[in-house]
Student: 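Let me give you the structure first, and then I'll get to my questions.
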Amino acid sequence: MVDMGRFRSEVARWAGGGSDRSARELAELLGAHTAVLLEGLSDLAAVEALAAGRSRDLAAEGVCVVAMGGAMSVGRYAQILGPSGLGLRLTGLCDERERPFFDRAFNSAPHSGVFVCTADLEDELIRALGSARIEQIIQAEDELRAWQTFLQQPAQHGRPRHQQLRRFMGTRKGRKIRYGRLLVEALGPDQVPAPLDGLFAGL
């Protein structure tokens, strides 16, 4: 079985100016036909969690999910994974403010569309679950004290709860990634945000 993590590493190496040989070999072994381009690791954690919840093995299906380390890299990743590189069909998930980068990158490549979150995926997940459910998850993760301390910060006074929750998830390294997975795992079948659901419908 081909390790998807290894494929991602080789794609990142290629995007950074390295050789394309290993990425091409791994794509062939995977039987890859589609690449899902994501901005970061929290998005990757969410997509992998939803795939697991729906009993889908995306790698076995020939779907390569890649976190690019930022939307500014989408042009380069589309180039190496699309028609001029590995020849894969492209799809992706991004924030509204990053959509122009994705639209330009996908313009000349076969694709299944770009699915857009109004603010970002964390915001979509918080709205889908509701603030009370998110706070239950925070408590279950033994972070209730950290959350209460965060709320005492002057900058958080008077802000809507969903904005406070969104900011809290980005205040410690790794927290956003962890909650990307946890929030998706907490979703009911009818709660999956439209951009994430649409992405999967096209895979």
Side-chain angles (χ1 to χ4, degrees), residues 1 3-9 12 36-60 63-73 92-98 115-201 203:
M1 181 178 177
D3 181 359
M4 178 59 74
R6 184 181 168 200
F7 174 76
R8 291 184 187 122
S9 295
V36 180
L37 301 185
L38 305 173
E39 292 186 50
L41 293 174
S42 62
D43 300 319
L44 176 61
V47 168
E48 289 183 331
L50 186 58
R54 293 182 172 182
S55 299
R56 293 188 61 177
D57 185 340
L58 296 181
V63 178
C64 303
V65 186
V66 179
M68 302 178 294
M72 297 292 286
S73 298
L93 183 73
C94 70
D95 306 344
E96 178 64 43
R97 65 181 177 276
E98 312 296 1
F115 297 88
V116 183
C117 301
T118 301
D120 55 22
L121 183 54
E122 288 74 30
D123 183 69
E124 296 278 355
L125 293 169
I126 291 166
R127 290 180 185 279
L129 287 167
S131 298
R133 181 70 182 101
I134 304 296
E135 292 189 65
Q136 290 175 355
I137 294 170
I138 290 172
Q139 183 171 7
E141 289 298 298
D142 199 26
E143 289 204 297
L144 185 58
R145 180 173 293 180
W147 166 239
Q148 291 172 339
T149 299
F150 171 81
L151 291 177
Q152 298 306 310
Q153 296 177 2
Q156 301 308 318
H157 294 173
R159 296 187 72 189
R161 184 66 96 200
H162 76 273
Q163 290 183 10
Q164 293 170 332
L165 287 162
R166 181 176 167 224
R167 180 70 189 95
F168 174 73
M169 290 175 190
T171 56
R172 178 180 295 175
K173 185 176 181 180
R175 182 180 277 157
K176 192 174 180 181
I177 297 169
R178 178 157 55 99
Y179 279 97
R181 173 180 58 80
L182 290 168
L183 299 192
V184 168
E185 289 175 347
L187 292 169
D190 298 327
Q191 291 181 303
V192 179
L196 193 56
D197 197 40
L199 175 70
F200 269 76
L203 298 179

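Excluded from the calculations below are hydrogen atoms, water molecules and symmetry mates; all remaining heavy atoms, backbone and side chain alike, are included. Keep in mind the model is a prediction, meaning the values are calculated, not measured. We number each residue from 1, following the sequence as shown.
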Student: Determine whether Arg161 and Gln164 satisfy the following criterion, side chain to side chain donor-acceptor pair (under 3.5 Å), listing intermediate values before the conclusion.
Tutor: CA-CA 5 Å; Arg161 184 66 96 200; Gln164 293 170 332; 2.9 Å; yes

Student: Does the pair Ile177 and Arg181 meet the rule for a side-chain contact (heavy atoms from CB on, under 4.5 Å), with working shown?
Tutor: CA-CA 7 Å; Ile177 297 169; Arg181 173 180 58 80; over 6 Å; no

Student: In this structure, which one of Leu50, Val36, Val63 forms a side chain to side chain contact (heavy atoms under 4.5 Å, CB included) with Leu58?
Tutor: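 With Leu58 as partner, Leu50, Val36, Val63 yield a single side chain to side chain contact (heavy atoms under 4.5 Å, CB included), made by Val63.
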
Student: Which value, rounded to the nearest 0.5 Å, describes the distance between Leu37 atom CG and Asp43 atom CG?
Tutor: 11.5 Å

Student: Does Glu185 have more than 12 heavy atoms from other residues, nucleotides or ligands lying within 6.0 Å of its CD?
Tutor: yes

Student: Are Glu48 and Val184 close enough that some pair of their side-chain heavy atoms sits under 4.5 Å apart?
Tutor: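 Not touching, per the 4.5 Å side-chain cut-off.
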
Student: Just to verify, what does Glu39 make a side-chain hydrogen bond (donor to acceptor under 3.5 Å, both in side chains) with, not counting sequence neighbours?
Tutor: none

Student: Can you name the salt bridge (Lys or Arg N to Asp or Glu O under 4.0 Å) partners of Glu96, sequence neighbours left out?
Tutor: none

Student: Identify all side-chain donor-acceptor contacts of residues 190-197 below 3.5 Å with residues at least two apart in sequence or on another chain.
Tutor:
{"from": "Gln191", "atom 1": "OE1", "to": "Gly188", "atom 2": "N", "distance (Å)": "2.6"}
{"from": "Gln191", "atom 1": "NE2", "to": "Ala128", "atom 2": "O", "distance (Å)": "3.4"}
{"from": "Asp197", "atom 1": "OD1", "to": "Arg54", "atom 2": "NH1", "distance (Å)": "3.4"}
{"from": "Asp197", "atom 1": "OD1", "to": "Arg54", "atom 2": "NH2", "distance (Å)": "2.7"}

Student: What closest approach, in Å, do Asp120 and Arg166 show between heavy atoms, and which atom pair accounts for it?
Tutor: OD2-NE, 2.9 Å

Student: How close do Val66 and Phe7 get, counting heavy atoms only, and between which atoms?
Tutor: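 Closest heavy-atom pair between Val66 and Phe7: CG2-CE2, 4.5 Å.
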
Student: Mind checking whether Thr171 and Gln153 have side chains closer than 4.5 Å, heavy atoms only?
Tutor: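 No, too far: nothing below the 4.5 Å cut-off.
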
Student: Looking at residues at least two apart in the chain, or sitting in another chain, which of them share a salt bridge (Lys or Arg N to Asp or Glu O under 4.0 Å) with Glu143?
Tutor: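 Partners of Glu143 under the salt bridge (Lys or Arg N to Asp or Glu O under 4.0 Å) test: Arg172, Arg175, Arg178.
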
Student: By salt bridge (Lys or Arg N to Asp or Glu O under 4.0 Å), which residues pair with Arg159, not counting sequence neighbours?
Tutor: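 Here no residue qualifies.
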
Student: Check whether Arg56 reaches the backbone of Leu203 with its side chain - one donor and one acceptor, N or O, closer than 3.5 Å.
Tutor: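 Looks like yes, one N/O pair under 3.5 Å.
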
Student: Roughly how far apart are Tyr179 OH and Ile134 CD1, rounded to 0.5 Å?
Tutor: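 That separation rounds to 9.5 Å.
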
Student: CG/Leu144 to CD1/Ile138 distance, rounded to the nearest 0.5 angstrom?
Tutor: 8.0 Å

Student: Indicate the atoms forming the closest heavy-atom contact of Met4 with Cys64, along with that distance.
Tutor: CE-CA, 3.7 Å

Student: Roughly how far, to the nearest 0.5 Å, is SG of Cys117 from CG of Leu199?
Tutor: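 Going from the CG atom of Leu199 to the SG atom of Cys117 covers 9.5 Å.
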
Student: In the structure I gave you, are the side-chain heavy atoms of Thr118 and Arg127 within less than 4.5 Å of one another anywhere?
Tutor: no

Student: Is there a side-chain contact between Arg133 and Ile137 (heavy atoms, below 4.5 Å)?
Tutor: yes

Student: Looking only at non-hydrogen atoms, find the nearest pair between Leu44 and Arg8 and report the distance.
Tutor: CD1-NH2, 3.4 Å

Student: Show the nearest heavy-atom pair for residues Leu121 and Asp95, with the distance to one decimal.
Tutor: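 Heavy atoms only, the tightest pair is N-OD1, 4.1 Å.
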
Student: Restricting to non-hydrogen atoms, name the atom on Asp123 and the atom on His162 that form the minimum distance, rounded to 0.1 Å.
Tutor: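 Heavy atoms of Asp123 and His162 come nearest at OD1-CD2, 3.4 Å.
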
Student: What pairs with Phe150 under ring-ring contact (aromatic ring centres under 6.0 Å, His included), at least two apart in sequence or on another chain?
Tutor: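 Per chain and number, Phe150 pairs via ring-ring contact (aromatic ring centres under 6.0 Å, His included) with Trp147, Phe168.
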
Student: Measuring from Ser9:OG to Asp3:CG, what's the distance to the nearest 0.5 Å?
Tutor: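 Separation between the atoms: 8.0 Å.
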
